[in-house]
Each structure stands twice: as structure tokens, then as C-alpha cells.
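Okay, so here's the structure we're looking at.
Please read these numbers as outputs of a predicted model, since none were measured by experiment. Remember, it's 1-based here, ligands and their atoms both numbered in the order they're listed.
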Amino acid sequence: MGMGNAPVIILREGTKRDKGKDAQFNNISAAMAIASAVKSSLGPRGMDKMLVDSVGDVVITNDGVTILKEMDVQHPAAKMLVEVAKTQDAEVGDGTTTSVILAGELLKKATDLIDANVHPTIITAGYRLANDKAQEVLKNISMKVSIDDDDLLKLIAQTAMISKQVNNSKEYFSNMVVDAVKTVVDKDKDGKYFVDLKNIQTVKKAGAKMEESYIVKGLIIDKEPVQPSMPKLVEGAKIALIDAPFEVKKTEIDAKIQITDPTAMSSFLAEEENELKAMVEKIKSVGANVVFSQKGVDELVQHYLAKNGILGYRRLKQSDLEAIAKATGATIVGNVQELTKNDLGTAGAVDEKLVGEDGMAFITGCKNPKAITIFVRGGTEHVLEEVERALNDAIRVVGVAMEDGKVVAGAGAPEIELELRLMDYAASVGGREQLAIEKFAKAMEIIPWTLSENAGIDPIDSIIKLKNAHEKKAAKAKYFGIDLDSGEAVDMLAKNVVEPLRVKVQAINSAEEVANMILRIDDVIASRRAPPA
Ligand code: ADP
Ligand code: MG
């Protein structure tokens with residue numbers, strides 16, 4: 001019996017399959033669509049986007065990763081590009097738009113080669129070589145920054161915040177950011193600096209100008225005491241953190257207690273009261289004068305706490321409880337009766353402050369002096385969120401710059417330098433990979449191109465001016481980027497536009513990685529999802 005002509009079906013009916021160039025072009029166009037969606041937000045003249053979700057909540061931002069997170073992206077290749085932005089954000093906190101635009105451009109340039117029948121494996125090999133070389137070039141054109149160089153660190157913060165709404169108060173905010181990061185920076189056992197971002201919290205509250213934001217060396221908990229008669233200020237705070245309700249377990253409805261005579265009733269209540277009293281006695285006996293509870297606090301307990309001059313808070317978020325534990329050295333206890341002296345944390349003061357109409361707890365003088373909070377103010381929720389994002393970006397870049405001690409100029413300067421050096425390198429590699437390296441080199445132009453375009457400057461002119469400047473190979477030529485006011489190529493260090501080396505390294509690395517991943521796909525098999533049972 002020979003093989004029949006009947007086709008062998010291995011995939012479920014309804015499965016969609018794209019193969020070869022169809023699959024490639026489909027993926028590439030989806031990825032390019034993502035890149036072009038964020039393009040107009042790049043740089044100081046980038047525009048904001050208003051994103052509205054299905055329930056009508058609005059986010060206004062020009063932060064690449066935020067835009068992409070809010071967009072409901074469906075296409076699998078497009079999703080890969082969204083991942084690039086997320087990785088960039090996780091690794092360095094800035095350069096998310098850049099990485100996505102670069103990835104889109106690498107893919108666009110690859111289509112020229114695919115059209116000319118260059119095999120994708122040649123393209124990916126060339127891109128890999130180009131990326132390795134790019135990393136080397138970037139290191140060579142970077143400069144040192146010392147952790148004591150506050151002025152330069154401030155400029156790094158300002159460059160990261162420039163396109164955000166805080167730009168008008170960049171002096172104020174960059175001071176704050178450098179102050180914050182310098183407070184938490186530490187050395188590891190090998191003497192390397194590291195910045196633990198968990199030590200820097202941000203707490204937002206609408207109702208004041210953003211310039212009224214400030215740093216608190218300690219924590220802010222957005223809660224009011226359980227009783228207004230509790231002390232407004234506790235100095236020399238001994239803090240208990242309780243992850244259990246200050247309540248007597250409620251009797252279940254179907255386990256009703258039959259109380260037949262009035263004395264039984266009063267003894268039942270007395271027992272409950274004693275149990276609650278005992279909790280407060282326990283708190284008092286270990287010497288705590290402030291209690292934060294993650295759960296509820298019975299009214300009777302509230303009353304006894306207040307009577308004993310103990311400040312009490314209820315229903316804290318888990319994350320707040322953990323932050324207090326970390327900052328004050330307290331241990332979170334699951335059962336009040338197991339609380340000991342050793343579980344208490346310490347702080348100079350817990351202070352009840354009125355912010356607008358609401359009270360907030362300010363915990364200062366913590367055991368861990370590296371625990372700090374930026375109290376973010378702004379007129380509306382939308383402003384607050386964008387200010388917080390800008391501060392987070394700035395904190396990250398300043399932290400990264402301190403950790404690595406290396407910076408590069410911005411405004412397209414490193415990208416143009418890379419293009420020129422990679423072109424030279426391509427010629428030295430030769431073969432068909434040369435073509436791919438040249439495409440990679442050319443793709444770098446997209447950054448100064450887009451910066452110019454967004455500023456209403458003719459991008460072709462900009463690129464020509466930049467290349468001329470860089471080709472001169474004068475001492476500072478490699479720092480020349482595009483001045484978006486004049487449209488001229490100028491030394492960006494003199495213009496105070498500086499970024500951490502790691503932002504560029506990571507942006508180019510992850511752009512190359514995702515572009516290659518997408519280029520290697522030549523078969524997309526989309527299974528039809530089984531209908532819900
Ligand atoms: P990303 O999400 O990639 O960080 P941004 O919108 O923050 O996107 O833009 C970053 C780009 O803007 C970088 O290439 C940076 O060098 C450039 N840039 C920042 N400040 C200036 C400036 N004053 N003039 C020109 N370019 C600038
Ligand atoms: Mg940025």
C-alpha cells in the first residue's frame with residue numbers, strides 16, 4: 001500500500017498560518033506601526049498622547065512605555081515591541097521611546113534587504129555584529145561622571161525630564177532628584193556604588209502646585225488616626241506593626257448564642273471587652289506608642305488606645321506596612337498577643353499633618369536614614385501622575401549614572417557618531433553582512449531625524465549638518481547633536497544635554513534583540529482558540 005494523495009492534516013481546523021515573506025512582512029509592519037505610534041512623542045518637542053481606556057479613564061503622557069502599556073495591542077509581533085519598552089523601563093527607566101523607534105527602524109531597513117533576497121540569517125548576523133561594535137563605540141565616546149559632581153548629575157536629571165510637564169521647574173526638581181538619590185546611594189562589598197530604589201517612595205496628593213512637592217526624610221502614610229483625640233505628634237516613636245484585626249471574632253449567624261438571663265448577657269459582653277482590653281494592655285506593656293494595623297480596629301480598642309495616649313492607624317496597605325517595617329526596623333506581627341519589645345520599630349517622630357482637608361502620617365527620623373519619600377503635589381490627578389513619572393525617570397537615570405559613572409551627550413550625537421563608525425566598520429567586514437551592518441548604521445539616523453521632525457526642523461538638513469560636524473573629527477565633534485532651537489549642530493555637553501551611557505547601551509541592545517527575533521520568524525501559526533465550555 002503506497003502513500004495516498006490525501007493531505008495529512010496536522011493542525012486544527014481554522015488555524016491561521018502565514019509563511020515565508022508574508023509572515024515576515026506582516027510582523028514587520030505590525031512592529032513598525034507600534035514604532036510610528038510613539039514617534040511623535042520623542043524628545044523635548046514631542047507631543048503628549050491622551051489615552052482613554054474602556055471605562056473612560058484618561059492618561060495624558062508622552063512616556064513611551066506608558067503609552068504602550070495603555071494601548072491594547074493585539075498583534076503578537078507588536079506585543080514583542082511593547083515588551084522592549086517594558087524591558088528598557090525595567091533596566092534603566094528611560095529611553096523607552098528611543099528603543100522602540102530604533103527597533104522599528106531596524107526592521108524597516110531590513111525589508112530593503114529581504115526585498116533584494118538577502119536571507120534573514122545574513123541580516124541578523126550583520127545586525128549582531130553591528131550591535132557588538134556599537135556597544136564598543138558607545139563606551140569609547142562616553143565620559144566619566146563622579147558621584148560628587150552634583151551639577152552634572154542635575155543636568156542628567158533635567159535631560160530626562162525635559163519633555164515632561166515638570167520642565168518649567170527643572171531646576172527645582174533636578175535638585176530634589178539628586179538630593180534624593182544621593183541620600184540612598186550605597187556601596188556594595190566590592191566598593192561599587194548601587195542605588196536601591198526601594199528606599200525612595202513617592203506619595204501623591206492633589207491640591208497644590210507641583211513646585212510645592214518636597215522630600216521627606218522618612219515615610220508618608222496617607223491615613224488618619226482611628227480617633228481624633230489621639231496625640232497629633234509622638235516623639236521617640238516606638239512602632240508596632242500588626243497584621244491582624246483588633247477585634248473579637250464575630251460569632252457566626254447560625255451559631256447564635258442563647259442567652260436566657262440578663263447576667264449571662266453582661267458576662268458575655270464583659271468577656272469580649274476584656275479580650276479587647278488585653279490587646280491594648282499588650283501594646284502598652286511592650287512600650288509601643290504608635291500602632292499601625294493592616295486590619296480593622298474595634299471601637300473599644302480605639303477608645304482604650306486613645307485613653308493611653310497611643311496613636312493608632314487601621315487598614316494600611318500591605319506595601320505601606322512593609323515600607324514602615326523596612327524604614328523603622330519593625331517586625332510585622334500576625335497576633336497581638338505575640339508582640340514583643342524586639343518587634344517594635346523606632347522613629348524620631350510620627351507626626352499627623354493636615355494636607356488640604358486630610359490628615360497624613362509623617363514618619364521621620366527613621367532607624368534607616370536611607371528611607372525617603374518624595375511628596376508629590378500637583379493641581380490634578382493627571383498632573384500628579386505625569387510629575388511622578390518624570391521624577392521616576394529622573395531618579396532612575398541619576399541612579400544609573402552614579403552606579404556606572406558614565407555618560408554620553410544626547411540630541412542625536414551618539415547616534416550620528418555610531419552611524420559613521422559603523423559605516424567604516426561595515427567596509428572592513430565586507431561580504432553580505434556588510435550590507436546589513438550598513439543598514440544598521442543608517443537606522444541610527446532615525447533618532448536625530450525624529451527629534452528634528454518633532455521640532456519642525458527639516459530632518460534632512462539636520463542630518464547633513466550633524467554628519468558634517470562629526471566627520472570633522474575635531475576634539476568635541478562626537479558630542480555634536482541637533483540644537484532644536486536653531487536647527488544647528490552644536491556641542492551638546494555645552495548645551496547641558498547629557499544622558500547615562502546605560503540608556504543608549506540598553507536601547508540599542510534591546511532594539512537589536514527584538515528586531516532579530518522578529519526577523520527570524522518565517523512561519524506564524526495562529527491556533528483558533530477553543531470556544532469556552
Ligand atoms: P525616551 O523615552 O526615549 O527617553 P524622550 O522623549 O525622553 O524619549 O526623548 C529622549 C531624546 O531626547 C534623547 O535622544 C535625548 O538626547 C533627546 N533630548 C533631550 N533633551 C534634548 C534637548 N534639549 N535638545 C535635543 N534633544 C534632546
Ligand atoms: Mg526620556
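- For M143, the side chain to side chain contact (heavy atoms under 4.5 Å, CB included) partners at least two apart in sequence or on another chain are V407, Y479, L493.
- Remark: ligand 1 and T97 share an N or O pair separated by less than 3.5 Å (distance only, no angle test).
- An N or O contact shorter than 3.5 Å links E499 to ligand 1 by distance.
- Residue T98 touches ligand 1 through backbone and side chain together, judged by heavy-atom distances below 4.0 Å.
- Legend: residues meeting ring-ring contact (aromatic ring centres under 6.0 Å, His included) with Y127, ordered by chain and number and at least two apart, are F440.
- Close N/O approach between A411 and ligand 1 is found [any backbone or side-chain N/O within under 3.5 Å].
- Under 4.0 angstrom from ligand 1, there are no non-hydrogen atoms of M492.
- T159 and E499 share no donor-acceptor pair across their side chains, judged by distance under 3.5 Å alone.
- For the pair P120 and Q24, the minimum side-chain heavy-atom distance is below 4.5 Å.
- Contacts between K504 and ligand 1 below 4.0 angstrom, taking non-hydrogen atoms only, involve the side chain exclusively.
- At under 3.5 Å, a nitrogen or oxygen of G95, whether backbone or side chain, sits near a nitrogen or oxygen of ligand 1.
- Between D89 and R396, none of the side-chain N atoms (NZ, or NE/NH1/NH2) sits under 4.0 Å from a carboxylate O, so this pair counts as no salt bridge.
- With a 4.5 Å cut-off on side-chain heavy atoms, F375 and M360 count as touching.
- Both the backbone and the side chain of L42 come within 4.0 Å of ligand 1, judged by heavy-atom distances.
- The existence of a salt bridge linking K39 and E453 is excluded, since no basic side-chain nitrogen approaches an acidic carboxylate oxygen closer than 4.0 Å.
- Remark: E417 engages R421 in a salt bridge, criterion side-chain N to carboxylate O under 4.0 Å.
- Contact between M161 and ligand 1 is absent, with no heavy atom of the residue lying under 4.0 Å from the ligand.
- Contact annotation: for L451 versus ligand 1, heavy atoms closer than 4.0 Å belong to the side chain alone.
- The Mg ion (ligand 2) does not have D393 among its coordinating residues (no N/O/S atom, backbone or side chain, under 2.8 Å).
- Residue contacts with ligand 1, taken as heavy atom pairs separated by less than 4.0 Å, involve S41 solely via the backbone atoms N, CA, C and O.
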